[in-house]
Chemist: 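Take a look at the following structure, please.
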Amino acid sequence: MMLEAKSLTMRFGGVTAVDSLSLEVPQGEIIALIGPNGAGKTTVFNMITGAYAPTSGKVIFQGSDITAKNPSFIAKQGIGRTFQNIRLFKGLSVFENVITAKHLHLKSNLFQAIFRIKGLSSYPEEEKRMIDETNDLLEKLGLIDLKDAVSTSLPYGKQRRLEIARALATDPKLLLLDEPAAGMNPQETIELARFIERIRDEFKLSVLLIEHHMDLVMDISKTIYVMDFGLNIATGTPSEIQGNKKVIEAYLGSGD
Amino acid sequence: MSKKTAFSIAAIGAILLLALVLNSVLDSYSKRVLNLCAIYAIIALSLNLVNGFTGMFSLGQAGFMAIGAYAVAIFTVPVELRAQGFYLEPMHPAIANIELPLIVALLLGGVLAGAFAFVIGFPVLRLRGDYLAIATLGFSEIIRIIFTNTQSITNGALGIKNVPSLSNMFFIYLAAIIVFVLMRLLLSSSFGRAFKAIREDEIVAEAMGINLFKHKIASFVISAFFAGIGGGLYGALLGTVDPKNFMFTLTYNFVLIIVLGGLGSMSGTVIASFIITIGMEWLRFFDDTLILFGTEIPIFRPGLRMVVFSILLMVIVLFFQKGLMGQKELSVDMVKGLVSRVKGLGKKRGDGK
Ligand SMILES: Nc1ncnc2c1ncn2[C@@H]1O[C@H](COP(=O)(O)OP(=O)(O)O)[C@@H](O)[C@H]1O
Ligand SMILES: [Mg+2]
């Protein structure tokens with residue numbers, strides 16, 4: 001199993017944002033986490049990535065316990081993520097946004113980076129490798145023509161894609177996507193579905209996806225976990241979830 | 001060698017040559033002001049590394065400078081002249097006979113300042129924003145107070161006189177260029193990108209695998225190291241080092257410089273260092289009594305200069321938040337662009353539009 005979340009609970013003061021949620025992401029699969037706004041989905045991501053320390057429960061990644069570890073450590077183990085509200089490095093270019101996410105695997109130390117004399121320091125080779133890999137990644141994701149643009153000057157859809165590129169630059173094994181289709185029209189959403197499947201295959205990823213666009217979710221997920229008020233109210237394949245009464249009620253009840 | 005590197009080397013050569021020439025033709029006052037510009041640039045660059053490039057808010061520069069200045073003062077005063085200054089209490093025997101060359105003392109000061117930053121970094125760098133600013137400010141005052149009370153080492157409030165005074169422009173500009181180049185190499189490396197990522201968004205930087213604490217402390221220690229070197233040069237330039245030179249108001253000058261030059265711009269910092277340092281000298285008349293048409297203008301008195309500078313800082317913060325350069329660097333292309341824009345303006349006017 002790539003990822004196992006075991007009865008994760010997160011309380012903020014009196015509010016239980018996530019209530020003993022368990023889920024599993026098998027190797028190479030796309031798994032979806034859905035539910036009305038405020039259900040606790042993003043909080044689950046924050047617990048998996050170490051941004052929040054769960055009140056109780058465990059996060060197991062590739063067999064080892066990573067609960068409440070430092071987020072940078074977790075990223076190094078191979079969990080990459082995007083954010084619900086796009087969070088690019090605003091002042092930096094498209095290229096810089098991506099290459100920055102390659103820093104975590106740098107082996108040279110600070111002195112080797114400053115005194116980077118070819119032959120004496122390992123840094124020049126590493127820098128060249130990072131540059132090549134970044135160009136390669138931008139090429140694959142169709143962002144290469146925009147590489148020198150300021151990241152926030154990109155159109156919305158490209159910004160979303162850049163966030164994915166940046167997450168991929170960390171060489172993740174598991175990719176967490178928080179509402180990647182937000183703000184997209186049906187056509188773009190279909191394209192995104194193909195895109196997610198493509199990167200899953202190309203980068204040998206497992207994917208955990210939070211999404212509101214049901215077409216997208218039904219289209220690409222192997223298993224769907226449904227949350228409402230912090231609770232996991234249903235789990236199943238897309239066809240099982242489609243007819244599930246509780247799920248329909250949760251969505252209708254929330255006015256969505 | 002790339003064109004850019006060749007250009008940089010030529011520029012460095014030209015500056016050093018100029019420093020060499022000016023060193024022999026200028027009067028001692030002008031030399032002193034220009035030397036102060038270079039020293040201020042070193043310290044302002046060090047502050048910008050933390051505040052402008054790493055996005056932290058530190059106000060500890062005066063303290064790190066004091067460490068560097070005292071390292072130079074303690075170890076470069078000729079042994080035979082020490083007893084003269086240390087008359088309240090003789091210099092501690094462990095150090096009384098150690099005399100070091102200036103360069104060694106400067107590096108020692110840098111290393112000690114960096115070591116001190118490393119030690120206080122553990123508690124302090126867990127704080128954010130204003131809290132970090134207050135804590136660093138506090139530590140900088142603590143250093144000053146310690147130095148005021150370690151009579152047998154620093155000569156306390158009496159200070160250390162007879163520091164072999166440094167006025168060689170070539171030496172000081174060489175030091176400033178070395179600091180600039182090292183900082184440039186650091187900031188253009190993967191570590192520099194990591195610092196900027198932290199500045200832009202800590203949460204995201206962390207999610208991309210950048211260890212916040214490690215990088216913040218690296219930035220903070222390197223900053224202190226350079227501030228220590230700058231402080232050492234400052235002490236040598238003054239020729240006298242005493243605790244009152246390192247009040248927290250000293251740090252204020254560097255805050256002003258980096259805000260004016262642009263938080264996150266090295267070339268902006270250098271330009272602003274010259275503007276502010278020369279401006280400070282030029283504005284000295286504000287501090288003198290001014291008599292106009294036979295009456296004394298009452299607001300012209302010591303301290304007015306600082307008022308003028310505070311107003312300047314407020315104006316920048318309110319209206320020109322990005323400073324002169326924002327986060328950009330001065331480059332050949334930028335100068336070309338500026339020239340063509342000015343030409344363009346001229347043309348439009350010429351067309352009568
Ligand atoms: N840092 C926090 N502090 C307090 N409450 C929070 C915090 N993060 C999330 N919450 C609360 O947890 C609940 C779930 O939020 P979230 O996980 O963002 O939901 P979703 O992503 O499903 O829309 C909300 O009620 C939200 O207000
Ligand atoms: Mg959310």
Side-chain angles (χ1 to χ4, degrees), chain A residues 45-46 48-51 70-83 86-93 95-117 121 123-124 126-127 129-131 150-152 163 166-167 169-172 176, chain B residues 1-2 5 49 52-55 114 126 178-223 225-226 262-265 321-322 325-329 333:
Chain A
F45 271 22
N46 284 332
I48 293 172
T49 55
N70 189 298
S72 64
F73 172 83
I74 292 176
K76 270 186 204 134
Q77 303 308 300
I79 301 185
R81 75 174 292 184
T82 65
F83 295 84
I86 305 177
R87 289 175 85 157
L88 294 168
F89 299 129
K90 290 197 180 71
L92 308 186
S93 72
F95 182 83
E96 287 171 318
N97 261 275
V98 175
I99 198 168
T100 300
K102 295 229 155 266
H103 181 69
L104 79 172
H105 296 307
L106 187 78
K107 290 188 193 73
S108 306
N109 62 35
L110 220 140
F111 292 97
Q112 291 168 318
I114 295 176
F115 302 102
R116 42 179 184 265
I117 300 164
S121 156
Y123 185 80
E126 280 203 278
E127 174 79 4
R129 178 183 54 74
M130 289 191 285
I131 292 172
V150 175
S151 61
T152 43
E163 251 212 346
R166 186 179 62 185
T170 65
D171 286 327
L176 308 182
Chain B
M1 200 193 305
S2 75
T5 323
L49 173 63
F53 287 96
T54 322
R126 309 213 176 263
I178 292 173
V179 170
F180 187 92
V181 170
L182 291 179
M183 203 98 103
R184 183 89 211 111
L185 286 168
L186 168 65
L187 287 168
S188 61
S189 78
S190 191
F191 289 92
R193 293 192 290 258
F195 292 162
K196 289 179 212 165
I198 292 171
R199 169 188 76 196
E200 296 297 323
D201 193 329
E202 288 194 357
I203 307 252
V204 179
E206 225 177 2
M208 298 303 134
I210 295 165
N211 184 308
L212 286 187
F213 184 70
K214 272 192 196 162
H215 286 82
K216 283 182 174 182
I217 203 149
S219 171
F220 192 57
V221 168
I222 294 169
S223 164
F225 173 78
F226 287 137
L263 287 164
S265 170
Q321 275 159 7
K322 294 193 165 163
M325 302 286 288
Q327 292 177 354
K328 294 196 183 65
E329 294 299 346
D333 290 341

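In what follows, chains are A, B, ... by sequence order, proteins preceding strands, each numbered from 1.
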Chemist: Kindly give the heavy-atom pair with the smallest separation between Ala75(A) and Ala207(B), and that separation in Å.
Modeler: CB-O, 3.3 Å

Chemist: Check each atom of Asn109(A) against the heavy atoms of chain B and say whether the ones under 4.5 Å are side chain, backbone, both or neither.
Modeler: backbone

Chemist: Looking at Phe191(B) and Leu106(A), what are the two nearest heavy atoms and their distance?
Modeler: CE1-CD2, 3.5 Å

Chemist: Would you compute the distance between atom CD of Glu200(B) and atom CG of Asn97(A) and round it to the nearest 0.5 angstrom?
Modeler: 8.5 Å

Chemist: Using side-chain heavy atoms (C-beta onward) and a distance below 4.5 Å, is Leu92(A) in contact with Lys196(B)?
Modeler: yes

Chemist: Can you see which heavy atom on Ala197(B) is nearest to which on Thr100(A), and at what distance?
Modeler: CB-CG2, 3.5 Å

Chemist: Looking at Lys102(A), Lys76(A), Arg166(A), which has the largest count of heavy-atom pairs under 4.5 Å with chain B?
Modeler: Arg166(A)

Chemist: State, to 0.1 Å, how close Met208(B) and Thr170(A) come at their nearest heavy-atom pair, and which atoms those are.
Modeler: O-CG2, 3.8 Å

Chemist: Might you work through the side chain to side chain contact (heavy atoms under 4.5 Å, CB included) test for Arg193(B) and His103(A), ending with a clear yes or no?
Modeler: CA-CA 8 Å; Arg193(B) 293 192 290 258; His103(A) 181 69; over 6 Å; no

Chemist: Do you know which of Ile99(A), Ile79(A), Leu88(A) has the most heavy-atom pairs under 4.5 Å to chain B?
Modeler: Ile99(A)

Chemist: If you define the side chain from C-beta out and look only at heavy atoms, does anything of Phe115(A) sit under 4.5 Å from Leu185(B)?
Modeler: no

Chemist: Evaluate whether atom NZ of Lys322(B) has more than 12 neighbouring non-hydrogen atoms of other residues, nucleotides or ligands under 6.0 angstrom away.
Modeler: no

Chemist: Roughly how far, to the nearest 0.5 Å, is OG1 of Thr49(A) from CD of Glu206(B)?
Modeler: 9.0 Å

Chemist: Over all heavy atoms of both residues, which pair between Ser190(B) and Glu127(A) is shortest? Give the atoms and the distance, please.
Modeler: N-OE1, 4.4 Å

Chemist: Among His105(A), Met130(A), Arg116(A), which residue has the highest count of heavy-atom pairs closer than 4.5 Å to chain B?
Modeler: Arg116(A)

Chemist: Could you walk me through whether Ser72(A) and His215(B) pass side chain to side chain contact (heavy atoms under 4.5 Å, CB included), step by step?
Modeler: CA-CA 12 Å; Ser72(A) 64; His215(B) 286 82; over 6 Å; no

Chemist: Determine whether Phe73(A) and Asn211(B) satisfy the following criterion, side chain to side chain contact (heavy atoms under 4.5 Å, CB included), listing intermediate values before the conclusion.
Modeler: CA-CA 8 Å; Phe73(A) 172 83; Asn211(B) 184 308; over 6 Å; no

Chemist: With a 4.5 angstrom heavy-atom cut-off, could you sort out which part of Ile222(B) is near chain A: side chain, backbone, both or neither?
Modeler: side chain

Chemist: Does Phe213(B), at its CZ atom, have more than 12 non-hydrogen atoms belonging to other residues, nucleotides or ligands within less than 6.0 Å?
Modeler: yes

Chemist: Do Leu186(B) and Leu110(A) make a side-chain contact, defined as non-hydrogen atoms from C-beta onward lying under 4.5 Å apart?
Modeler: yes

Chemist: Measuring heavy-atom distances to chain B, does Ile114(A) have an atom under 4.5 Å in its side chain, in its backbone, in both, or in neither?
Modeler: both

Chemist: Could you go step by step and tell me if Arg87(A) and Ile203(B) meet the side chain to side chain contact (heavy atoms under 4.5 Å, CB included) rule?
Modeler: CA-CA 9 Å; Arg87(A) 289 175 85 157; Ile203(B) 307 252; 3.6 Å; yes

Chemist: Let me know if Ala51(A) has heavy atoms under 4.5 Å from chain B in its side chain, its backbone, both or neither.
Modeler: neither

